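Quick note: residue numbers are just sequence positions, from 1. Remember, predicted model here, so these are calculated numbers, not experimental data.
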Amino acid sequence: MVQLHVKRGDESQFLLSTTVDAPVETVIQQITAIYNGRLKVDRICSEIPELADHGITLPPNMQGLTEEQLVELKLRDEWEDKSVPSGGPVFRKDEIGRRNGHAPNDKMKEVLKRTMEEAKALISKKQVQANVCVTMEMVKEALDQLRGAVMIVYPMGLPPHDPIRMEFEDREDLSGTQASLQVITEDECQLWWAAKEMQRGKKLQDFIGKNEKTKLVVKIQKKGQGAPAREPLITEEQQKQMMMHYHRRQEELKKLEETDDDSYLDSEWSDRQALKKQFQGLTNIKWGPR
């Protein structure tokens, strides 16, 4: 199997297992599905701590308003009595006024946070270091874990305007957000290897040969952004090892210089002709007046 190390820019994303016979279109489809699925998991996980701390999201027309303004405008959250957490709510006021403050109790809060950590670990970028290939099934499993935890804590469901429910139902609106810039659709995705675009309509073997045991780094890029930066000739880890070897060698040479002292050669006991000079009366000779 061919192993693709997928990157965006210089940042590792995940490993993908495929074959040399796979069409480039199929590979791009798999990569974008996993890539965007991981982003969805991350977005849900970023909202879960807020859900655990401050309860469900208020309707858009009530968010950011003070209690006095809500009374004056006669606004009431109809989902407050419907979306009640298991075991009863604990009031924790949301200072920014985005959520209703009726948070789950500590036991239910722990269910949400533990499941969030498990889901994040399943599709983490650390899987690259562990040499684990991420699949779409793993992404779906992470989403199912999160969905199950939310259903345990909120058996009556979340309100339709809650961002977590919108993510689960694929109704999320990312327009105007930073998250929208991270998403790459299948149509706008380009796959690059060795500073060359892998063109649709061809197979992987047209670019990398027929060796199924190939491992290579590929980069995804949006159309119109040009070619991504080339990979460095040596990795960051290799550079660190080289620098460590260089410093060790410098220390060794320094110690050798310190121990390579030949001043003893000027001593009398080291002179091989000392006995001969003594018999000839040539020792202790000084030039000049005494």
Checklist entry - Can you check side chain to side chain contact (heavy atoms under 4.5 Å, CB included) on Leu15 and Val132, steps first, answer last? => result CA-CA 7 Å; Leu15 299 179; Val132 175; over 6 Å; no
Next on the checklist: Are there over 12 heavy-atom neighbours, none belonging to Glu252, within less than 6.0 Å of that residue's CD?
Outcome noted: yes
Checklist entry - Looking at Asp81 and Arg76, does any basic side-chain N land under 4.0 Å from a carboxylate oxygen? => result yes
Checklist entry - If you measure from CE on Met136 to CD1 on Ile31, what distance do you get to the nearest 0.5 Å? => result 13.5 Å
Item to check | Closest approach of Asn105 to Val90 (non-hydrogen atoms, all atoms of both residues) | outcome: CA-CG2, 3.8 Å
Checklist entry - Same hydrophobic cluster for Leu4 and Ile28, using side-chain heavy-atom links shorter than 4.5 Å among ILVMFWY? => result yes
Checklist entry - Just by distance, do the side chain of Ser124 and the backbone of Gln127 share a donor-acceptor pair under 3.5 Å? => result no
Next on the checklist: Please find the pair of heavy atoms, one from Met198 and one from Leu216, that lie closest to each other, and give the distance.
Outcome noted: CE-CD1, 4.1 Å
Item to check | Heavy-atom side-chain proximity of Val218 to Lys7 below 4.5 angstrom | outcome: no
Which side-chain N or O atoms in residues 152-165 pair as donor and acceptor under 3.5 Å with protein atoms at least two apart or in another chain?
from, atom 1, to, atom 2, distance (Å)
His161, NE2, Thr57, O, 2.9
Asp162, OD1, Ile164, N, 3.0
Asp162, OD2, Thr57, N, 3.1
Asp162, OD2, Thr57, OG1, 3.0
Arg165, NE, Glu169, OE2, 2.9
Arg165, NH1, Leu158, O, 2.6

Item to check | Rounded distance [0.5 Å steps], CG in Leu143 versus CD1 in Ile44 | outcome: 5.5 Å
Next on the checklist: I need the minimum non-hydrogen distance between Ser12 and His5, along with the two atoms involved.
Outcome noted: OG-NE2, 2.8 Å
Item to check | Atom of Phe168, atom of Leu146 and distance for their closest heavy-atom approach | outcome: CZ-C, 3.7 Å
Next on the checklist: If you apply the rule salt bridge (charged side-chain N to carboxylate O under 4.0 Å, His left out), what do you find for Asp10 with Lys219, and how did you get there?
Outcome noted: CA-CA 9 Å; Asp10 294 327; Lys219 294 190 175 184; 3.6 Å; yes
Next on the checklist: Just checking Lys82: does its NZ atom have more than 12 heavy atoms from other residues, nucleotides or ligands closer to it than 6.0 angstrom?
Outcome noted: yes
Checklist outcome for this item: Residue pairs meeting salt bridge (Lys or Arg N to Asp or Glu O under 4.0 Å), one or both in residues 40-50, sequence neighbours left out, come to Lys40-Glu167, Lys40-Asp170, Lys40-Glu172, Arg43-Glu167, Arg43-Glu172, Glu47-Arg98, Glu47-Arg99
Exercise answer: donor-acceptor pairs, residues 202-211 side-chain atoms, under 3.5 Å, sequence neighbours excluded:
from, atom 1, to, atom 2, distance (Å)
Asp206, OD2, Lys203, N, 2.9
Asn211, OD1, Lys213, N, 3.0

Item to check | Backbone of Thr135 reached by a side-chain donor or acceptor of Lys140 within 3.5 Å | outcome: no
Checklist entry - Taking the side chain as C-beta and beyond, is there a heavy-atom pair between Gln145 and Glu141 under 4.5 Å? => result yes
Checklist entry - Quick one: are Ile220 and Trp192 in side-chain contact, heavy atoms under 4.5 Å? => result no
Checklist outcome for this item: Residues Arg92 and Ala52: closest non-hydrogen pair is NH1-O, 3.7 Å
Checklist entry - So, does Glu188 use its side chain to make a donor-acceptor pair with the main chain of Thr185 at under 3.5 Å? => result yes
Checklist entry - Quick one: side-chain contact (heavy atoms from CB on, under 4.5 Å) partners of Leu73, sequence neighbours excluded? => result Leu65, Leu75
Item to check | Any Ile56 side-chain heavy atom under 4.5 Å of Asp77 side chain | outcome: yes
Item to check | Trace of the side chain to side chain contact (heavy atoms under 4.5 Å, CB included) decision for Ser17 with Gln3 | outcome: CA-CA 5 Å; Ser17 180; Gln3 188 181 85; 5.9 Å; no
Checklist outcome for this item: Quick note, side chain to side chain donor-acceptor pair (under 3.5 Å) partners involving residues 19-38, not counting sequence neighbours, are Arg8-Tyr35, Gln13-Arg38
Checklist entry - Do side-chain atoms of Gln221 reach the backbone of Gly226 as a donor and acceptor pair under 3.5 angstrom? => result yes
Checklist entry - Judged by atom type as modelled, is there a donor-acceptor pair below 3.5 Å linking the side chain of His54 to the main-chain atoms of Asn100? => result no
Solution key, residues 108-120 side-chain donor-acceptor pairs under 3.5 Å, sequence neighbours excluded:
from, atom 1, to, atom 2, distance (Å)
Lys109, NZ, Asp53, OD1, 2.9
Thr115, OG1, Val111, O, 2.8

